[in-house]
> 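For reference, the structure I am asking about is given below.
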Amino acid sequence: MNFLSVAKMAPDDYVGFTFFVGCMAMMAASVFFFLSMSSFDKKWRTSILVSGLITFIAAVHYWYMRDYWVSNMESPTFFRYVDWVLTVPLMCVEFYLILKVAGAKKSLMWRLIFLSVVMLVTGYMGEVLYRDQAWFWGLISGLAYFVIVYDIWFGTAKKLAEAAGGAVLKAHKTLCWFVLVGWAIYPIGYMAGTPGWYEGVFGGLDLDVIYNIGDAINKIGFGLVVYNLAVQSSEEIKK
Ligand SMILES: *C/C=C(C)/C=C/C=C(C)/C=C/C1=C(C)CCCC1(C)C
């Protein structure tokens, strides 16, 4: 990596553009979360810290991915999955942290983490190792994703959120929508970037642009929901 010189960018390299903007957005979000941390009540600080860690880990990976893209004009799939395998489990931790007030157990957190790792490892198998059977690995990955969605929408997590009520319930609901709609962006990127029966449907789209948009929405959006929860609940206490 060279900090002082920069590779030439093609003016129509819109994929590269999303890598640069994504990198900057993740850095800015991290500064925002880290600096706001101390203004909140102690019980929310870990949640805000995790929000910042998610965008910070992404910022570092985007720094490398941006460089990798400009130098090789090739998807930085390896860095992408390293980033995901660190940040997606942290998003599961975030669910646990906000539900702790309602008595969430660590087993809920580990269950979500396990499912998310299965989802990502099988995704990597289809995208990199066994591209000929991408549809099969994508399906297994999709099943793990489906179980996560089911768990947070209708399982233990949902019951805990209802027990907590107020701002926590609202934040949980919003995070559930992020997972259902925001995370659904990724399988579209996957289908756009791997061979399979679905090529005709998604083949015209660019995998990296879709993943980069998904990351910006989900990582920064997720963090802002938690930030908003901390603001809201601090106000509830003041009243
Ligand atoms: C910050 C990064 C996030 C939130 C990444 C999330 C990634 C997924 C939800 C990926 C899901 C996939 C499927 C459901 C099937 C196809 C393979 C994947 C890994 C793209």
Side-chain angles (χ1 to χ4, degrees), residues 18-19 22-23 25-27 29-30 33 50-65 75-95 112-153 174-199 201-203 205-226:
T18 61
F19 274 115
C23 187
M26 295 296 177
M27 288 189 199
S30 310
F33 291 131
V50 172
S51 292
L53 285 177
I54 291 170
T55 53
F56 178 72
I57 293 170
V60 174
H61 283 89
Y62 266 82
W63 180 268
Y64 283 100
M65 291 201 285
S75 294
T77 314
F78 178 79
F79 295 112
R80 175 85 72 190
Y81 275 85
V82 176
D83 172 52
W84 287 355
V85 95
L86 296 171
T87 53
V88 178
L90 280 176
M91 294 172 127
C92 299
V93 171
E94 206 77 288
F95 270 101
L112 292 176
I113 291 178
F114 173 76
L115 288 164
S116 70
V117 171
V118 170
M119 173 182 85
L120 296 171
V121 169
T122 51
Y124 189 76
M125 307 249 243
E127 203 171 315
V128 179
L129 303 178
Y130 309 107
R131 280 179 74 81
D132 291 342
Q133 292 113 36
W135 69 269
F136 171 75
W137 295 106
L139 185 70
I140 308 276
S141 174
L143 284 175
Y145 169 56
F146 178 82
V147 179
I148 295 174
V149 170
Y150 184 88
D151 244 26
I152 55 173
W153 274 85
T174 315
L175 292 182
C176 282
W177 278 107
F178 266 97
V179 174
L180 181 66
V181 181
W183 288 21
I185 295 171
Y186 297 95
I188 297 174
Y190 181 89
M191 288 190 274
T194 54
W197 55 266
Y198 39 75
E199 255 168 306
V201 188
F202 299 106
L205 303 168
D206 185 274
L207 162 142
D208 284 302
V209 172
I210 299 173
Y211 284 167
N212 291 352
I213 292 172
D215 280 355
I217 293 176
N218 289 297
K219 291 185 167 67
I220 300 173
F222 226 76
L224 286 175
V225 174
V226 175

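Source: prediction; values computed, not measured. Counting starts at 1 for both ligands and their atoms, in listed order. Along the sequence shown, residues are numbered consecutively beginning with 1. Note that these values count all heavy atoms, side chains included, but never hydrogens, waters or copies made by symmetry.
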> Taking only heavy atoms of G138, which atoms of ligand 1 are found under 4.0 Å from at least one of them?
15 (C)

> Output the list of atoms in ligand 1 that are nearer than 4.0 Å to some heavy atom of D215, sorted by atom number.
1 (C), 2 (C)

> Checking side-chain contact (heavy atoms from CB on, under 4.5 Å) for the pair M65/Y211: CA distance, chi angles, key distance, verdict?
CA-CA 12 Å; M65 291 201 285; Y211 284 167; over 6 Å; no

> Are more than 12 heavy atoms from other residues, nucleotides or ligands located less than 6.0 Å from atom OH of Y81?
yes

> Report the member of H61, M191, M119 with the shortest heavy-atom distance to atom 8 (C) of ligand 1.
M119

> Would you say Y145's side chain and V179's backbone share a donor-acceptor pair under 3.5 angstrom?
yes

> Output the list of atoms in ligand 1 that are nearer than 4.0 Å to some heavy atom of Y190, sorted by atom number.
16 (C), 17 (C), 20 (C)

> Going by heavy-atom distance to atom 10 (C) of ligand 1, choose the closest among Y186, Y145, W183, Y81.
Y186

> Quick one: do the D83 and Y62 side chains pair a donor with an acceptor below 3.5 Å?
no

> Counting only N and O atoms by type, is there a donor-acceptor contact under 3.5 Å from the side chain of E127 to the main-chain atoms of Y124?
no

> Could you tell me whether the side chains of Y186 and D215 share a donor-acceptor contact shorter than 3.5 Å?
yes

> Non-hydrogen atoms of E127 versus ligand 1: any pair closer than 4.0 Å?
no

> Number the atoms of ligand 1 from 1 as they appear, then name those within less than 4.0 Å of a heavy atom of V88, with their elements.
2 (C), 3 (C), 4 (C), 5 (C), 6 (C)

> Who gets closest to atom 12 (C) of ligand 1 by heavy atom: S141, G123, G182?
S141

> Which of the numbered atoms in ligand 1 are below 4.0 angstrom from a heavy atom of K219?
1 (C), 2 (C), 3 (C)

> Does Y190 use its side chain to pair, donor to acceptor, with the backbone of A134 at less than 3.5 Å?
yes

> Enumerate the atoms of ligand 1 whose separation from the nearest heavy atom of M91 is less than 4.0 angstrom.
4 (C)

> Nearest protein heavy-atom contact for atom 14 (C) of ligand 1: which residue, which atom, what distance?
P187 CG, 3.6 Å

> Decide if atom CH2 of W153 counts as having more than 12 heavy atoms of other residues, nucleotides or ligands within a radius under 6.0 Å.
yes

